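Input: a single structure, listed below in structure tokens.
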Amino acid sequence: LETVPTIKKLRAYAERIRVAELEKCLGKMGDDISKKTRKAVDDLSRGIVNRMLHGPMQHLRCDGSDDRTLSETLENMHALNRMFSLET
Amino acid sequence: LETVPTIKKLRAYAERIRVAELEKCLGKMGDDISKKTRKAVDDLSRGIVNRMLHGPMQHLRCDGSDDRTLSETLENMHALNRMFSLET
Amino acid sequence: PKKQELISKLKSGKNFLRNQQPDKAFTEFKIALELAQNIKDPIEEKKAARGLGASLQRQGKYRDAVKYHSMVLSISEREGEDSGSTEAFGAIADCYTELGDLEKAGQYYDKYIARLEKD
Amino acid sequence: PKKQELISKLKSGKNFLRNQQPDKAFTEFKIALELAQNIKDPIEEKKAARGLGASLQRQGKYRDAVKYHSMVLSISEREGEDSGSTEAFGAIADCYTELGDLEKAGQYYDKYIARLEKD
């Protein structure tokens, strides 16, 4: 459970990047894009971010049912905190 | 230097995700997209992936000039190997 | 025409959110939600509910935010169409984290994580 | 017309790469490179050089691949336009990693990493 706040912070970190890059992209594409294009681009941004987050997020959850130990999960958390500066 | 192969694997991991999601997106958008749109979408996919990778990549390089110690860098590497299954 | 009004309310709600005016955003999304329910457009209904949840979150009203994010999930279930559900699970978990209920937050994050590799 | 041919060579090169036929891809990109040089189109010239590098990498010819990826960098420098440079630094580093020269790989990864947060 100690890792729960890290999940929240990592999600927020990725979402900031996603939204910033998406707006940059929409800015370049101009106002004359179709709803279909708008949705495809939004899905693209979510698809990439979600698939990039999947591994780290999974390894922040330690449910005791597999061989991931608590200490390994905490090490993952510390590494993610460092690598994404999540503590500040 | 031990972390160099991890950088390569993490890059390849992210690139596979990027290309797969980009192709899915282009498939949805159809063939009638402009070059400008094509480029904006490509830039979007690269922008998100690169910014997501920046933190972890930086923390895999230990140049001795700052307070990141070698052991911390190796811990980051182990965590990334676990979280993205990079050893297999 | 109603659909047009709905779209424009969703858009202005988003703009208020972006400009850090979550109370004004809430009002816009509230109207959008009613419009979407009127014309029975579940996709836009979810967007409005999601906007309401986000507006409340920004105001620190996490319990109420959970209600609207949960509405997204129940619309998904009702319609058998699950767009927006991944994000709703994540947002509900974020709210429980803020409320200090890490147990419940963890449960919702598990559902969120299980969906991250799907579309 | 030449530009048209160039675009189509780049496209077929990419398709060969996707279909695991890097030798055929190489031939297409080689023609594309000459066409791009002829009509003096540095952006497409870089794409062709990049494709040549990728084709050689897939064939395990890492030393030759480095030459073409480096060509992308020199075109960038010549034109004062640095699209594709981040990717080129990364690809060169990947090649040195394969060649076992981790020292050099690290140097190129540093340049790659330094550019990751830029556009």
Side-chain angles (χ1 to χ4, degrees), chain A residues 6 10 13-30 32-62 67-69 71-86, chain B residues 6 10 13-30 32-62 67-69 71-86:
Chain A
T6 303
L10 183 54
Y13 179 94
E15 181 67 7
R16 275 194 301 276
I17 292 177
R18 188 187 75 80
V19 170
E21 294 295 320
L22 180 61
E23 293 193 346
K24 218 191 291 178
C25 173
L26 293 172
K28 283 182 211 160
M29 289 169 46
D32 55 338
I33 55 167
S34 67
K35 233 188 134 174
K36 195 179 76 176
T37 303
R38 177 72 180 73
K39 170 123 182 19
V41 170
D42 195 77
D43 287 349
L44 170 66
S45 68
R46 285 180 203 279
I48 294 176
V49 165
N50 285 351
R51 286 181 64 185
M52 295 281 293
L53 288 179
H54 184 254
M57 291 293 190
Q58 241 182 348
H59 287 78
L60 281 172
R61 292 292 294 160
C62 166
D67 56 3
R68 281 203 289 281
T69 62
S71 75
E72 222 173 67
T73 306
L74 292 178
E75 272 173 43
N76 295 334
M77 179 184 80
H78 292 309
L80 288 167
N81 280 336
R82 276 196 296 270
M83 294 187 291
F84 294 107
S85 313
L86 299 179
Chain B
T6 302
L10 183 54
Y13 179 96
E15 181 66 8
R16 276 194 302 277
I17 291 177
R18 188 187 74 81
V19 170
E21 294 295 321
L22 180 61
E23 291 193 347
K24 218 192 292 177
C25 173
L26 293 172
K28 284 183 211 161
M29 290 172 37
D32 56 338
I33 55 167
S34 67
K35 232 187 133 175
K36 194 179 76 176
T37 303
R38 176 73 180 73
K39 170 125 184 11
V41 170
D42 195 77
D43 287 349
L44 170 66
S45 68
R46 285 180 203 279
I48 294 176
V49 164
N50 285 351
R51 284 181 63 185
M52 294 282 292
L53 288 179
H54 184 253
M57 291 294 190
Q58 242 183 347
H59 287 78
L60 282 172
R61 293 293 294 160
C62 166
D67 55 3
R68 282 203 288 281
T69 61
S71 76
E72 223 173 66
T73 305
L74 292 177
E75 273 174 41
N76 294 335
M77 178 184 79
H78 293 308
L80 288 167
N81 280 335
R82 278 196 296 270
M83 294 187 291
F84 294 107
S85 314
L86 298 179

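Quick caveat, the model's predicted, so the values are computed rather than measured. Lettering follows sequence order; numbering is per chain, from 1.
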Partner residues of B/R18 under the side chain to side chain donor-acceptor pair (under 3.5 Å) criterion, sequence neighbours left out: B/E15, B/S45

With B/K36 via salt bridge (charged side-chain N to carboxylate O under 4.0 Å, His left out) - residues at least two apart: none

Which of B/I33, B/L80, B/V49 touches chain A most, by non-hydrogen pairs under 4.5 Å: B/L80

Pairs of heavy atoms under 4.5 Å with chain A: top-ranked of B/A20, B/A40, B/G27: B/A40

Max heavy-atom pair count under 4.5 Å with chain A, selected residue of B/H54, B/R51, B/M29, B/E75: B/R51

Most chain A-contacting option - heavy-atom pairs closer than 4.5 Å, from B/C25, B/A79, B/G30: B/C25

Heavy-atom closest pair, residues A/M52 and B/L53: CE-CD2, 3.9 Å

For the student: nearest non-hydrogen atoms of A/N76 and A/H59, plus distance: ND2-O, 3.0 Å

